[in-house]
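One structure below.
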Amino acid sequence: MPELPEVETVVRALSGVLPGRRLTCIETFRDAIRLPLASLSDPDLLRRKIIAVRRRARYPIIELTGKRALLLHLGMTGTIRVVPATEPRRKHEHVILHLDDGNTCRFDDPRRFGFVIACRLTAPGADPDELADLGPEPLSDAFTAEYLHTRLCGVKQKIKTALMDNAIVVGIGNIYANESLFRAGISPLRVAEKVTLPQCRKLVGQVKQTLQAAIRAGGTSISDFHGVDGAEGKFVRELQIYGKAGQPCPRCQSPIRRLVLGGRGTFYCSRCQR
DNA sequence: AGAGATACCTGGGAGC
DNA sequence: TGCTCCCAGGTATCTC
């Protein structure tokens, strides 16, 4: 499943091959995935040159000339690949961008939780308005203990829910929220505003370390994709708590608990996490 | 307004 | 073995 490290990897790969190419045609194969695909039919997008591929949170942005851009999200199962136009279309390829060098950039997503939309930019290099409400990047200098502590002031949600709120900090999914809270020794059930500044220090540090470890491990955090090219994610081996209900806590050996928070599986040690 | 719940979707695993 | 059921996840949107 694409988490922030995977999106970063995809964006780096695309930025090596797409800039400089022109869009000659955009094919869509259904009306909508997570969002309608109608905005891709705008003829104004064609013949424009791709000038950059970048990332904000988990959204890849393919920037075109004329302050236009394609905004993407990989959802749960989305993948992007660049292959020759002659390659047969796969079952779940919903969008195919045709390039002026005979290649295509294809968006494949079996579960259709992702999307591709066309948008406008206020200036070259700017983020689209659609991303205006996003919080800071977790690996940036803007994500500090002081920031988090201030931001959690008055928040009655559980800390785990708050940590996954993109308005507070972007890119922390369910797996990294569980792992970071365990490593910081903070219960996912703790009310967000009750998390102290020293605890925020631990938490911010563990969020950064966990994400960086995932990037070093090659990204993929669960083994959804084994088989195709054997590219099973290595970070799954480093998980300490996620998916381990009933198993002994790696720190104190008491059984790991599971409950559902905000509709998501939540794993924690009631002894190590307070 | 803030917080919680729900819809969206399908492959894969568990259980019968 | 083959069938059914349930679950996983992020985000937009709804409801209270």
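Side chains are part of it too, since the values below use all heavy atoms of this structure and drop only hydrogens, waters and symmetry mates. Protein chains get the first letters and strands the later ones, always in sequence-line order, with residue 1 at the start of each.
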Please write out each protein N/O paired with an N/O of nucleotides 3-6 of chain B under 3.5 Å, distance rounded to 0.1 Å.
{"residue": "B/dA3", "atom": "OP1", "partner": "A/K156", "partner atom": "N", "Å": "2.6"}

Item to check | Pairs flagged by ring-ring contact (aromatic ring centres under 6.0 Å, His included) wherever residues 76-96 of chain A is involved - sequence neighbours left out | outcome: none
Item to check | Residues in salt bridge (Lys or Arg N to Asp or Glu O under 4.0 Å) contact with A/D108, at least two apart in sequence or another chain | outcome: none
Checklist entry - Separation of A/L131 atom CG from C/dT11 atom C1', in whole Å? => result 12 Å
Item to check | Between B/dG11 (P) and A/F113 (CZ): distance, integer Å | outcome: 13 Å
Checklist outcome for this item: note: A/M76, atom CE; C/dC7, atom P; distance rounded to Å ~ 15 Å
Checklist outcome for this item: So ring-ring contact (aromatic ring centres under 6.0 Å, His included) across residues 5-58 of chain A, not counting sequence neighbours, yields none
Next on the checklist: Under 4.0 Å, heavy atoms only, any strand: does A/G265 hit a base, just the sugar-phosphate, or nothing?
Outcome noted: sugar-phosphate
Checklist entry - Does any N or O in the side chain of A/Y268 come within less than 3.5 Å of the main-chain N or O of A/R274, such that one atom is a donor and the other an acceptor? => result no
Checklist entry - Roughly how many Å is it from CZ in A/F115 to C1' in C/dG10, rounded to a whole number? => result 10 Å
Checklist outcome for this item: ring-ring contact (aromatic ring centres under 6.0 Å, His included) filter on A/F267, not counting sequence neighbours, yields A/Y242
Checklist entry - What is the distance, rounded to the nearest whole Å, between atom CG of A/N174 and atom P of C/dC7? => result 15 Å
Next on the checklist: Categorize A/R258 for me: base, sugar-phosphate, or nothing, with a 4.0 angstrom heavy-atom threshold over every strand shown.
Outcome noted: sugar-phosphate
Next on the checklist: So, using side chain to side chain contact (heavy atoms under 4.5 Å, CB included) as the criterion, who are the partners of A/P138 when residues are at least two apart?
Outcome noted: A/L4, A/F143, A/V169, A/V170, A/V207, A/L211
Checklist entry - To the nearest Å, how far apart are A/H92 NE2 and B/dC8 P? => result 19 Å
Next on the checklist: Over all strands shown, is A/N166 touching base, sugar-phosphate only, or nothing at heavy-atom distances under 4.0 angstrom?
Outcome noted: sugar-phosphate
Enumerate, atom names and distances included, each donor-acceptor pair closer than 3.5 Å involving a side-chain atom of residues 116-130 of chain A, sequence neighbours excluded.
none

Item to check | Distance below 4.0 Å between A/H73 side-chain N/O and C/dT11 OP1 or OP2 | outcome: yes
Checklist entry - Taking only residues two or more places apart in sequence or in another chain, which ones pass ring-ring contact (aromatic ring centres under 6.0 Å, His included) with A/Y59? => result A/H73
Checklist outcome for this item: A/F267 atom CZ is separated from C/dC7 atom P, nearest whole Å, by 12 Å
Next on the checklist: Can you measure A/R111 atom CZ to C/dA12 atom C1' for me and round it to whole angstrom units?
Outcome noted: 19 Å
Item to check | Whether A/R48 side chain and A/T65 backbone form a donor-acceptor pair below 3.5 Å | outcome: yes
N/O to N/O distances under 3.5 Å, protein versus nucleotides 13-16 of chain C:
none

